[in-house]
Amino acid sequence: MSKILVIAEHDGATLNPSTAKSVACAASISGAEIDIAVFAADGSEVCAQAALLDSVSKVRQIDNAANQSALAAVIAPQVVALAGDYSHIFGASTTFGKDLMPRVAALLDVNQISDIMEVTDERTFKRPIYAGNAILTVVAPAERPVVATVRTASYQAVGEGNSAPVEIAAADADIPSHTRFIELKAGKSDRPDLQTATKVVSGGRALGSSENFDIIYALADAMGAGVGASRAAVDAGYVPNEMQVGQTGKIIAPDLYVAIGISGAIQHLTGIKDAGTIVAINKDEEAPIFEVSDIGLVGDLFKIVPELKDAVS
Amino acid sequence: MEKILVGLKRVVDYNVRVRVRSDGSGVETDGVKMSINPFDEIALEEALRIKERGDAKEVIVVSIGSSDSQQQLRTGLAMGADRAIMVETDATVDSLTSAKIFNALVEREQPGLVILGKQAIDNDNNQTGQMLAAIWGRPQATFASEVVLDGDKATVTREVDVGLETIEIDLPAVITADLRLNEPRYVKLPDIMKAKKKPLDQIPLADLGVTQSAGLTNVIFEPPEQRQKGIMVDDVAGLVAALKDKGLL
């Protein structure tokens with residue numbers, strides 16, 4: 001039987017929604033027993049939230065002052081100390097999980113499986129490679145722990161009807177002091193979070209400037225949508241990095257994705273392929289985004305976007 | 001510091017439309033343009049800038065794979081690296097083995113920094129830097145968008161999901177490069193000529209004493225499900241009507 005440890009992601013107070021999606025992936029392995037590990041300075045609040053998640057057997061609370069900031073070098077040896085008889089250790093394919101899980105895998109002397117999008121059986125998984133241009137089926141070796149990250153856009157969060165027990169756990173590990181947290185500059189926004197929003201409006205290079213991007217925000221606000229951007233728009237400095245959608249940015253799966261002035265490079269499309277409906281607005285009728293959009297509109301975005309905003313307000 | 005080690009992986013060029021072979025054995029690489037993994041180019045650029053500021057004396061580029069990768073190492077030398085190490089093997093090398101190979105080279109070369117790309121655009125693994133840091137027992141600063149060196153420490157700004165995180169690490173350490181760390185320089189023709197004279201060591205993988213662990217088995221490569229092309233509308237009214245039809249407005 002599979003015994004799976006899911007590493008919780010949180011900011012010290014709130015459990016990140018990616019954790020419930022990692023649990024969903026773990027729960028798709030038949031007969032799995034799933035525990036969640038919360039590494040924090042004081043994990044009580046986060047553990048209470050984790051205990052609500054369906055399919056979870058128990059929540060393990062590992063409190064340590066060193067866990068105040070989620071540093072991979074600090075948390076990885078503690079995960080290894082808890083690894084014990086777990087057959088699988090999962091984290092989300094977020095920047096937190098991508099930073100941490102390979103370090104855990106190397107300490108356990110196993111390869112790591114990145115971005116699980118589908119479970120075939122307890123050792124066989126599908127994952128995207130080449131920016132989603134190919135889907136690879138991989139088998140993990142027997143008798144060794146499976147360390148993996150979960151492509152969260154491929155999974156729906158499990159429900160919150162559980163009341164799993166929370167137990168205090170000790171992770172006996174040498175915690176290094178060679179890596180120190182200085183600060184986190186989080187983008188401040190009252191808009192829905194890009195990774196969990198049901199609607200997302202994204203802008204590309206065609207916006208031309210940071211000021212012009214305001215029409216994207218205005219439309220998003222009128223729709224109650226989160227805001228994203230193409231790599232080109234981020235590279236040009238129109239918007240901050242945390243808004244980038246695509247192969248090397250965020251992989252998202254909103255019900256509605258509106259791509260405005262985005263040509264649709266494959267590296268961008270891989271970030272939105274699981275969106276419910278894709279709307280494309282672009283002045284170039286040959287733009288590749290129209291090959292994958294459900295609804296396309298050719299025209300000048302500076303005319304269309306304000307008009308659309310008025311129509312949905 | 002004396003040395004910076006940089007990894008250069010030979011991958012299918014960024015602009016190539018990758019196709020899966022019909023027998024599912026892999027992706028088509030015959031006659032396909034190959035290049036340095038774009039993130040590795042950024043890693044090398046950062047190492048060169050550190051050297052040009054006088055904070056390092058030597059930049060060593062490393063590639064692992066068949067001897068074809070010498071082409072990418074020569075490009076790295078033309079960009080400004082001082083010498084190259086080609087770890088030769090015809091076997092497919094996974095991320096854990098790559099990390100062990102880099103660790104073996106770290107023991108030989110004793111660099112102050114290893115800078116790698118955050119991920120290779122072929123397997124999209126995003127693992128080798130973190131694994132090297134774990135095996136080496138040193139700090140990792142992944143997804144770096146700014147690196148500031150100060151003696152035996154570095155302050156690194158990292159691109160994370162919520163914004164920008166800054167950490168301080170003791171050297172030696174591993175840094176992995178994100179897109180906005182810098183813009184790599186173009187190679188000039190005279191530099192390509194000069195690069196031909198720079199040293200390039202070929203080391204058979206077997207000589208490094210790296211033991212491979214049980215790896216993942218690749219079963220089959222398949223093309224992804226394609227989204228179908230949808231409808232085109234003429235104006236905003238048409239768009240709004242289509243969205244209402246789908247219950248999205």
Side-chain angles (χ1 to χ4, degrees), chain A residues 71-73 76 94-95 98-99 102-103 105-107 109-115 128-141 144 178-187 231 235 240-242 247-248 250 255-256 273 277 279 291-297 304 307-308 311-312, chain B residues 12 17-18 20 27 94-96 99 119 121-127 130-131 133-135 138-140 142-143 145 155 159-170 179-180 213-224 227 229-233 235-236 239-240 242-243 246 248-249:
Chain A
L71 296 168
T94 53
T95 50
K98 289 184 209 174
D99 191 36
R103 190 156 182 130
L107 292 176
D109 196 29
V110 292
N111 268 284
Q112 189 225 264
I113 300 171
S114 296
D115 307 312
I129 56 173
Y130 286 96
N133 274 312
I135 307 301
L136 173 61
T137 301
V138 292
V139 179
R144 303 287 296 136
H178 55 46
T179 306
R180 296 168 294 274
F181 173 82
I182 304 287
E183 65 169 347
L184 178 63
K185 283 188 194 150
R231 176 191 166 184
D235 282 356
N241 64 282
E242 63 266 23
Q247 180 186 19
T248 64
K250 289 185 174 132
D255 297 336
L256 173 61
K273 69 195 246 340
T277 296
V279 172
E291 294 302 315
V292 298
S293 62
D294 300 283
I295 308 169
L297 175 53
I304 292 171
E307 213 182 306
L308 180 58
V312 300
Chain B
V12 172
R17 182 86 196 218
V18 170
V20 175
V27 303
D94 57 41
S95 294
L96 182 62
Q119 75 192 72
I121 60 164
D122 50 5
N123 61 29
D124 283 333
N125 263 358
N126 197 330
Q127 299 174 6
Q130 296 89 313
M131 289 180 157
I135 295 165
R138 295 304 306 165
Q140 65 189 48
T142 52
F143 327 143
S145 65
T155 304
E159 295 202 2
V160 295
D161 287 336
V162 295
L164 294 170
E165 182 191 70
T166 306
I167 60 173
E168 184 184 69
I169 53 176
D170 294 339
L179 288 171
R180 283 163 285 273
S213 329
L216 304 171
T217 309
N218 293 341
V219 180
I220 188 169
F221 295 72
E222 295 166 292
R227 290 185 76 102
K229 187 176 164 71
I231 58 162
M232 298 299 288
V233 293
D235 50 24
V236 169
L239 173 55
V240 170
L243 287 173
K246 289 175 175 277
L248 290 166
L249 278 184

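Numbers restart at 1 for each chain; the letters A, B, ... are given by sequence-line order, proteins then strands.
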Quick one: which of [options] has the most heavy-atom pairs under 4.5 Å with chain A, could you say?
options: N126(B), L243(B), L179(B); result: L179(B)
options: P139(B), G230(B), A242(B); result: P139(B)
options: S95(B), G163(B), A99(B); result: G163(B)
options: Q119(B), R17(B), M232(B); result: M232(B)
options: I135(B), T155(B), V12(B), V160(B); result: V160(B)
options: V162(B), D235(B), V27(B), N123(B); result: V162(B)

Query - Contacting region of F221(B) [heavy-atom separation from chain A under 4.5 Å] - result: both

Query raised in the report: Is it the side chain or the backbone of V240(B) that comes within 4.5 Å of chain A heavy atoms, both, or neither?
Result: side chain

Query raised in the report: Does D109(A) use its side chain to pair, donor to acceptor, with the backbone of A106(A) at less than 3.5 Å?
Result: no

Query raised in the report: So, Q127(B) and S114(A): side-chain donor and acceptor under 3.5 Å apart, yes or no?
Result: yes

Report task. Answer yes if the side chains of Q130(B) and D99(A) hold a donor-acceptor pair under 3.5 Å, and no otherwise. Result ->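 Absent: no donor and acceptor within the cut-off.
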
Report task. Take D170(B) and R138(B) through the salt bridge (charged side-chain N to carboxylate O under 4.0 Å, His left out) test and state the conclusion after the steps. Result -> CA-CA 8 Å; D170(B) 294 339; R138(B) 295 304 306 165; 5.2 Å; no

For the interface with chain B, which of [options] has the highest count of heavy-atom pairs at distances below 4.5 Å?
options: Q112(A), K185(A), H178(A); value: H178(A)
options: A311(A), A73(A), S293(A), P128(A); value: S293(A)
options: L308(A), V110(A), T137(A), D115(A); value: T137(A)
options: D255(A), I135(A), L107(A); value: I135(A)
options: L136(A), I304(A), T277(A); value: L136(A)

Query raised in the report: Should D235(A) and R180(B) count as side-chain neighbours, where that means a heavy-atom distance under 4.5 Å?
Result: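 Yes, side chains in contact.
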
Rounded distance (nearest 0.5 Å) linking atom [atom1] of [X] with atom [atom2] of [Y]:
X: T142(B); Y: R103(A); atom1: OG1; atom2: CZ; answer: 10.0 Å
X: T95(A); Y: D161(B); atom1: OG1; atom2: CG; answer: 3.5 Å
X: I129(A); Y: D122(B); atom1: CD1; atom2: CG; answer: 8.0 Å
X: E159(B); Y: L164(B); atom1: CD; atom2: CG; answer: 6.5 Å
X: I113(A); Y: N111(A); atom1: CD1; atom2: CG; answer: 8.5 Å

Report task. Applying salt bridge (charged side-chain N to carboxylate O under 4.0 Å, His left out), name anything that partners E165(B), two or more places apart in sequence or on another chain. Result ->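 So E165(B) forms a salt bridge (charged side-chain N to carboxylate O under 4.0 Å, His left out) with R158(B).
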
Examine whether an atom of [X] lies under 4.5 Å from a heavy atom of chain B, and if so say whether it belongs to the side chain, the backbone or both; otherwise answer neither.
X: L71(A); answer: side chain
X: V279(A); answer: side chain
X: A76(A); answer: neither
X: T248(A); answer: both
X: V312(A); answer: side chain
X: K250(A); answer: side chain

Query raised in the report: Is D294(A) salt-bridged to R227(B), cutoff N-O under 4.0 Å?
Result: yes

